[in-house]
Amino acid sequence: NPNISSEAMENIRIHLFENQGVYENAKADIHLKRTRIITIIVVITLLLSSIAAILYAKKDYIMAYYEDIDLVLTEDHITLSYGETFHPIDYVKEYDEKNTITLPKLQNMDQLTDYEYVYEVSNGVKTVTKTLIVTVIDDQKPIINLKQQEVTLTQGDTFNPLDYVVSVNDNYSKLTKEDITFEGNVDTSQQGKFTFQYILKDSSNNKTTANLNVTVKEKPTPINQSPNTNNSTQTKPNNPSKPQQPSNKAKPSNKVFYI
């Protein structure tokens, strides 16, 4: 345009150049942002691919880790008598047989207390445990062994209850004859029948009894024999029951001879 001065043209040229620079800068920024976005997408893709590959390689492990493992016991608390046999497998109600079960080790249950038994089931990755409490008690009565159940005494005899005890036994407590208590009374000064009871308790308060039937008979009266003061002896016939018979023998007679 010839009407535009040279100065105006210069200004227009400068303005266009500046706008061109802004455009170029904007274009460069857009290119940089696009590059960054592409880079991020590539990195994320690679990362996701790696994670997917790892998950695929560990899929069995992951599935086993999140698998539900069943282990059901018949009870969680049981009571056993002292000396009773304990079999851990008897108290397993349910578990998946494809998994491995580990039974608890047997303990020496020689005390009256609680014992813990831990059961384990594992699929190779994950393990589930269950605890069984076993309480050991003494519910057995002690034993009194008597020599006999019946005894006969004579008036005036001495009665010692422990003389008729052979032994005492208990499955847990250490008992002796001296631990026996008595109930009843035997009066040997009079005749009659008495029931004497032996009582024995152990440390768990288990009680047993044994009865001894005692008969006291009358003391026999002694027979007093008076001494024989007649020292003379009487002659008795040999056979007094038979009367004496006269002899049939002829008596000798006097004979006279003539010459």
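Only heavy atoms go into these numbers, but all of them, side chains included; no hydrogens, no water, no symmetry mates.
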Any Val168 side-chain heavy atom under 4.5 Å of Ile180 side chain: yes
Approximate separation, where rounding is to 0.5 Å, of Asn108 CG and Asp110 CG: 4.0 Å
Between Thr195 and Asn211, a side-chain donor and acceptor under 3.5 Å: no
Residues that Gln149 engages under side-chain contact (heavy atoms from CB on, under 4.5 Å), provided they are two or more places apart: Leu146
Evaluation steps, side-chain hydrogen bond (donor to acceptor under 3.5 Å, both in side chains), between Asn206 and Asp139: CA-CA 7 Å; Asn206 296 309; Asp139 57 355; over 6 Å; no
Phe159 vs Phe194, ring-ring contact (aromatic ring centres under 6.0 Å, His included): CA-CA, chis, key distance, verdict: CA-CA 12 Å; Phe159 176 69; Phe194 306 88; 9.0 Å; no
Short side-chain to backbone donor-acceptor contact, Lys126 and Tyr66, under 3.5 Å: no
For Gln155 against Gln190, the heavy-atom pair lying closest together: NE2-CA, 3.5 Å
Interatomic spacing from CG in Asn99 to CD in Glu120 - rounded to 0.5 Å: 12.5 Å
pair Asp179-Leu200: side-chain heavy atoms closer than 4.5 Å: yes
ring-ring contact (aromatic ring centres under 6.0 Å, His included) partners of Tyr91, counting only residues at least two apart: Phe86
Smallest separation among heavy atoms of Glu116 and Gln107, with atom names: O-NE2, 2.7 Å
Pair Gln111-Thr113, side-chain donor/acceptor within less than 3.5 Å: no
Non-hydrogen side-chain atoms of His77 and Thr135 separated by less than 4.5 Å: yes
Minimum-distance pair of heavy atoms, taken over all atoms of Ile199 and Lys207: CG2-CE, 3.7 Å
Student check: side-chain heavy atoms of Ile89 and Leu103 closer than 4.5 Å: yes
Rounded distance (nearest 0.5 Å) linking atom CD of Gln140 with atom CG of Asn171: 4.5 Å
Nearest heavy-atom neighbours spanning Tyr198 and Leu212: OH-CD2, 3.6 Å
Ring centers of Tyr115, Tyr117 separated by less than 6.0 Å: no
Hphob cluster co-occupancy, Leu48 + Leu55, side-chain heavy atoms under 4.5 angstrom: no
Thr35 side, atom OG1; Ile30 side, atom CD1 - distance, nearest 0.5 Å: 11.5 Å
Residues that Tyr172 engages under ring-ring contact (aromatic ring centres under 6.0 Å, His included), provided they are two or more places apart: Tyr82
N-O pairing of Glu67 and Lys98 below 4.0 Å: yes
Distance-only polar pair, side chains of Asp202 and Ser204, donor-acceptor under 3.5 Å: no
Distance (rounded to the nearest 0.5 Å) between Ser167 OG and Ile143 CD1: 8.5 Å
Smallest separation among heavy atoms of Thr188 and Asp157, with atom names: OG1-O, 2.8 Å
Shortest non-hydrogen contact from Val186 toward Val214: CG1-CG1, 3.7 Å
Spacing of OG1 belonging to Thr45 relative to CD1 belonging to Ile40, to within rounding of 0.5 Å: 11.5 Å
Stepwise side chain to side chain contact (heavy atoms under 4.5 Å, CB included) test for Lys147 and Val165: CA-CA 6 Å; Lys147 293 180 180 178; Val165 178; over 6 Å; no
Flag side-chain contact, heavy atom, 4.5 Å: Leu153 against Lys217: no
